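For clarity, every value in this text was computed on a predicted model and none was experimentally measured. A note on names: the letters A, B, ... follow the listed sequences, proteins ahead of strands, and every chain is numbered from 1.
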2 protein chains.
Amino acid sequence: MGIESEKWILMVTARTPTNIAVIKYWGKRDETLILPINDSISLTLDPTHLSTTTTVSVSPTFHQDRMWLNGKEISLQGGRFQSCLREIRARAQDVQDKKKGIDIKKEDWQKLHLHIASYNNFPTAAGLASSAAGLACLVFSLAKLMNLKEDNSQLSAIARQGSGSACRSLYGGFVKWVMGKEDNGSDSLAVQLADEKHWDELVIIIAVVSARQKETSSTSGMRDTVETSALIQHRAKEVVPKRIVQMEDAIQNRDFPSFARLACTDSNQFHAVCLDTYPPIFYMNDTSHRIISCVEKWNRAEGAPQVAYTFDAGPNAVMIARNRKTAALLLQRLLYNFPPESDTDLGRVNNFI
Amino acid sequence: MGIESEKWILMVTARTPTNIAVIKYWGKRDETLILPINDSISLTLDPTHLSTTTTVSVSPTFHQDRMWLNGKEISLQGGRFQSCLREIRARAQDVQDKKKGIDIKKEDWQKLHLHIASYNNFPTAAGLASSAAGLACLVFSLAKLMNLKEDNSQLSAIARQGSGSACRSLYGGFVKWVMGKEDNGSDSLAVQLADEKHWDELVIIIAVVSARQKETSSTSGMRDTVETSALIQHRAKEVVPKRIVQMEDAIQNRDFPSFARLACTDSNQFHAVCLDTYPPIFYMNDTSHRIISCVEKWNRAEGAPQVAYTFDAGPNAVMIARNRKTAALLLQRLLYNFPPESDTDLGRVNNFI
């Protein structure tokens with residue numbers, strides 16, 4: 001093919017926001033293909049805030065696939081990266097750039113090596129879905145680089161094999177990850193329920209309680225839950241399917257009280273099944289509990305939900321305010337209850353995003 | 001009857017230990033009769049440690065029923081006290097003491113008034129089952145005073161109407177509260193599974209994380225759970241019945257690994273359904289979590305459970321060591337991890353009982 005001798009480099013940069021599940025994904029029915037035991041629904045954040053930026057590049061001068069995360073080289077040998085790379089290369093198309101003298105045939109992609117540089121503008125592995133943004137961005141940028149013809153839904157099924165929740169970051173707005181029925185995972189992919197304009201009054205505030213990496217990874221945590229919790233199957237089979245229907249309705253109708261109630265109870269139930277795991281998994285801490293109490297107290301005082309909260313696999317609170325005015329009031333309350341000047345390092349909130 | 005003019009006083013003093021559930025009671029099917037949604041199993045503590053001491057007295061000079069708890073007068077008007085007093089008076093018998101010139105006919109008890117003084121030798125309403133010991137002791141001492149013919153199991157059904165878990169404190173050793181089927185609660189009572197000598201190697205250590213009164217009372221907490229948790233009925237109907245059988249076997253066979261696994265997972269599941277309640281109920285705090293992690297780590301390192309933990313409606317840890325030697329090692333570990341001299345007042349354990 002003669003491209004080895006040339007010195008060109010081809011690059012694509014993409015940015016992908018993280019997404020926050022309001023009906024949670026927790027538990028797989030297939031560990032390798034990453035097939036979940038229930039549907040989930042998420043909100044994709046505005047990419048100007050929590051997001052991953054990834055540059056993928058290909059050049060005949062590269063001699064192996066390499067990746068850097070936040071400036072530090074990491075291994076691409078993991079099964080999940082390999083799955084994504086394999087699935088994308090299998091769908092790669094011809095790429096030509098006559099100006100640069102680039103002429104890649106689809107079969108060349110099997111031999112060409114990639115350099116991948118990825119940055120998160122927020123704490124990594126702290127329960128803020130960094131892997132969702134990261135893998136979605138990786139798959140999306142590689143798909144652009146290799147000129148894939150697949151649409152975002154089809155790409156989501158590839159991203160899913162890198163990190164389950166990554167599939168939901170391929171769309172903006174409100175996204176459902178349909179668990180699917182097929183053993184090969186072909187129907188386990190993301191669909192957009194409504195775009196980002198549908199309900200754009202909502203404001204998301206994230207309180208970074210701890211930016212430390214979590215002690216129990218989501219992968220091992222959910223495996224332990226599926227193996228040991230006596231409640232997880234009841235949740236997946238009986239509770240979540242009803243909540244998915246209700247949440248779709250709440251989003252469709254911009255019904256904030258229902259949305260908030262479902263988001264809060266589903267977050268709590270996810271942490272409940274973590275606690276029902278053996279040994280138990282604790283992602284929330286006393287500060288998380290205080291934030292919940294603060295929000296619940298306010299919602300009760302107002303007689304109607306003003307703010308919903310949801311916590312992923314970490315102590316950090318994601319709060320969804322019904323509109324900008326409420327978000328401003330929420331920030332006031334949080335700053336009052338968790339003053340940033342506080343000189344105690346126990347129980348304080350480090351940052352608001 | 002002529003007893004009004006006499007100046008005699010008749011007293012009975014009794015001491016009743018608290019009990020610690022290892023398969024938890026959480027949720028009622030009848031709020032007034034206090035009928036639970038599942039069976040539960042507990043260990044009754046040694047009465048020389050956590051216990052209530054109650055003196056009940058009757059005299060024609062008393063003009064109303066009165067009660068003092070820890071030296072402070074409290075109201076007896078609550079429905080639960082009234083239920084117990086009514087049930088006991090209905091079963092009262094003749095009492096004679098010729099030396100003192102006392103001759104009470106059973107019907108006199110309806111008119112005679114009582115003075116009740118009760119002391120807990122441990123924190124009240126801090127999730128250490130103070131009401132269990134208290135109501136069991138009240139019923140037991142009144143039954144003695146009024147010469148009731150009922151056995152402890154029948155008395156347990158009366159104590160149950162004062163505080164559900166009180167029924168289990170009428171026996172020593174290992175006790176099961178059978179939920180019963182009858183609408184009138186007549187078959188919802190305590191039975192002794194094994195006496196205190198059956199498995200007397202076990203040593204209980206209680207770490208008082210906080211002696212403050214809990215924010216959510218058990219009564220309102222379990223009502224909220226039954227009304228709002230999507231998991232509680234599955235727990236009560238599907239999970240607990242199997243665990244009851246397994247726990248009875250573990251106790252019968254003095255099988256510590258099974259006993260520990262069941263006790264820990266059931267405690268965790270009880271706290272999981274609290275978290276699944278809306279708004280969520282948090283009884284454990286970061287210190288409780290650290291104690292669990294400490295015990296789990298040790299058990300894992302030893303390859304077999306050395307210590308079981310269980311938490312009631314509060315952050316205080318009840319740990320059950322397999323024998324005295326293990327208990328001594330546990331105390332060492334706890335004192336190392338939670339040094340009593342520590343000058344931080346966040347996250348420390350106040351006391352070991």
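- For a heavy-atom cut-off of 4.5 Å, chain A lies close to B:R261, B:C264, B:T265, B:N268, B:Q269 in residues 256-269 of chain B.
- Counting only distance, with no hydrogens or angles, the side chain of B:D276 and the backbone of A:A272 share no donor-acceptor pair below 3.5 Å.
- When each of A:T228, A:V273, A:V239, A:L231 is checked for heavy-atom pairs under 4.5 Å with chain B, A:L231 comes out on top.
- The ring pair (Phe, Tyr, Trp, His ring centres under 6.0 Å) contacts involving residues 202-223 of chain A comprise nothing, where partners must be two or more places apart or lie in separate chains.
- Rounded to the nearest 0.5 angstrom, A:N285 CG and B:N285 CG are separated by 10.5 Å.
- Using cut-offs of 30° and 60° on the angle between ring planes, the pair B:H289 and A:H289 is perpendicular.
- The side chain to side chain donor-acceptor pair (under 3.5 Å) analysis of residues 325-335 of chain B, with sequence neighbours excluded, yields the pairs B:N323-B:T326.
- The closest side-chain heavy-atom distance from B:F282 to A:I292 is below 4.5 Å.
- The stretch residues 296-305 of chain B places B:E296, B:R300 near chain A, each with some heavy atom under 4.5 Å from a heavy atom of that chain.
- Rounding to the nearest 0.5 Å places CD of A:E238 at 8.5 Å from NE2 of B:H234.
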